[in-house]
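Throughout, a chain's letter reflects where its sequence line sits, starting with A, and its residues are numbered from 1. For the numbers below, each heavy atom of this structure counts, side chains included, while hydrogens, waters and symmetry mates do not.
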Number of protein chains: 4
Amino acid sequence: MAGVNKVILLGNLGADPEVKYLEGEKVVANLRLATTESYKDRSGNRVDQTEWHDLEMWDGQAKIAEQYLRKGSQIYVEGKIKSDTWQDENGQNRKRMRIRVNSFTMLGGKPEGNNPSPAPMNNPQSKPAPAPSNTGNKPLDEGEDDLPF
Amino acid sequence: MAGVNKVILLGNLGADPEVKYLEGEKVVANLRLATTESYKDRSGNRVDQTEWHDLEMWDGQAKIAEQYLRKGSQIYVEGKIKSDTWQDENGQNRKRMRIRVNSFTMLGGKPEGNNPSPAPMNNPQSKPAPAPSNTGNKPLDEGEDDLPF
Amino acid sequence: MAGVNKVILLGNLGADPEVKYLEGEKVVANLRLATTESYKDRSGNRVDQTEWHDLEMWDGQAKIAEQYLRKGSQIYVEGKIKSDTWQDENGQNRKRMRIRVNSFTMLGGKPEGNNPSPAPMNNPQSKPAPAPSNTGNKPLDEGEDDLPF
Amino acid sequence: MAGVNKVILLGNLGADPEVKYLEGEKVVANLRLATTESYKDRSGNRVDQTEWHDLEMWDGQAKIAEQYLRKGSQIYVEGKIKSDTWQDENGQNRKRMRIRVNSFTMLGGKPEGNNPSPAPMNNPQSKPAPAPSNTGNKPLDEGEDDLPF
DNA sequence: TTTT
DNA sequence: TTTT
């Protein structure tokens, strides 16, 4: 019964986060993260292999993502694999895997050129916040809420 | 370009490994691994949440899996996320995620009752082997050289 | 400023946990964990290499350790490296590294023979508890306190 | 006997790597890596807590470190804990922990200002090399074979 | 669709 | 002794 399901990713966002404000104070952000592995094939040519990951962040974390992450941002992520299953319109069973993010760390990378500042907030009542660089890896006494401020 | 794509799992196999011998000495094993997380919901009831993972092992690792792993075996796994994409019969884009295993460790757990001994080998010329408890974590002198070029 | 400091261990305890009850409801448990790597040297002989780790757990986690972990117990651990520095009696700078445990999972293994049941509690007012198999990897809504019950 | 001993670090180098060329083509690099965790204490003040790690790299990896890493470089590291024990001049048992690096990835960060280009090589016969961004995570066909015997 |  |  005891289990471990852990994912560690380091890569760049393929697009700005997509953030949705749901009922009851819930917020969810969806992000696309590319992790690229580079190696030489047998003929000596360098090959880049990119894997795309669907990330899901909630609440405080989602708001931080919305404020600070942009297309191109480089982040380190810890999370877990989470799959949804459903039936599609043809009655076939479908499955979709996602990474549920537990914590992430911004590493710099270069956000998009002509909009270097944080994007306008969708959430008007959100308070201004200092730039965080880390979410989730909190000291134990304060628990693992997702808001570093 | 620098990227990290790492998965760490600890759980039990839902079935015996499925092993295929391909041309050119290639061997592949597919396994289903369950990782179960147990927590109490807001009404205080214990809830088990199980995630199923599709694992893929190759060559020497696949043979070890075939010899030593069974439905119910408990293993620790390191690997990476790997997705295949294709078009289904309706012309829709489909995607399937898998864990490409880099190394695994057998932890005991309980193999199935009435077939406690290793399953018959599909591969007649395979040599008998001592029971390993670890794959992939190689000694320094042999393993992983460090030059990416 | 952004940093990651993460340790993942899987091994067996070299002794029963040492638990101390401090003032103000604080509890700390110290444990010795062995991780053994097995490989063949260049002459083909199997070599076991064991590394011993000093683990530190606090509060709820420490109590779970006291109740359920014994010499020989096999556990999976996530934590971080934490060092103390001080001057010894000769005025020399000394440093000691420890693993501060964030979460652990019991994997079975074999507790000591003649005392198979949980050791008597040092802490009289502690309530009886169901056997947990996992600490720390909690759903986000409940945060990362260490008590699974 | 099966064990896991894994360390994941992300931080900045406190100094240039120290590289030693030993007999028989062996090369070792020692590095100091800082991982900084940032959190708010109970009075709401932001606190930075830095842990310093001693890293050890060998051979090809050591050469890459020598060529490309500098004081201030930001890297992601995977490795394992490795301790040496000895008796000091007072006859006391001493222990020293180190991280034996299995692979690392350069993340940018800003190398020192007035010496932006790679340092001169200590190793005259080394061939010029393209800037790598990743070590150790090898392509499947070459890397990590899977047979521990 | 990212990054170097 | 790093970094933001």
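- Atom P of nucleotide dT2(F) and atom CG of Asp16(D) are separated by 12 Å, given to the nearest angstrom.
- The separation between His53(D) atom NE2 and dT2(F) atom P is 15 Å, rounded to whole Å.
- Following rounding to the nearest Å, Lys71(A) (NZ) and dT3(E) (C1') show an atom-to-atom distance of 12 Å.
- In this structure, Leu10(A) atom CG and dT3(E) atom C1' are separated by 11 Å, rounded to whole Å.
- Between the CG atom of Leu107(D) and the P atom of dT3(F) there is a distance of 14 Å, given to the nearest Å.
- For Tyr76(D) and Glu78(D), the side-chain atoms include at least one donor-acceptor pair closer than 3.5 Å.
- One can place OH of Tyr76(A) at 22 Å from P of dT3(E), the figure rounded to the nearest angstrom.
- If you take CD of Glu51(D) and P of dT3(F), they are 18 Å apart, rounded to a whole angstrom.
- Spacing between atom CD1 of Ile99(A) and atom P of dT2(E) amounts to 20 Å, rounded to whole angstrom units.
- Asp88(B) pairs by the salt bridge (Lys or Arg N to Asp or Glu O under 4.0 Å) definition with Arg94(B), not counting sequence neighbours.
- A donor-acceptor distance shorter than 3.5 angstrom exists from the side chain of Glu51(C) to the backbone of Ser83(D), with no hydrogens or angles considered.
- When atom types are taken as modelled, the side chain of Asn5(B) and the backbone of Ile81(B) share a donor-acceptor pair closer than 3.5 angstrom.
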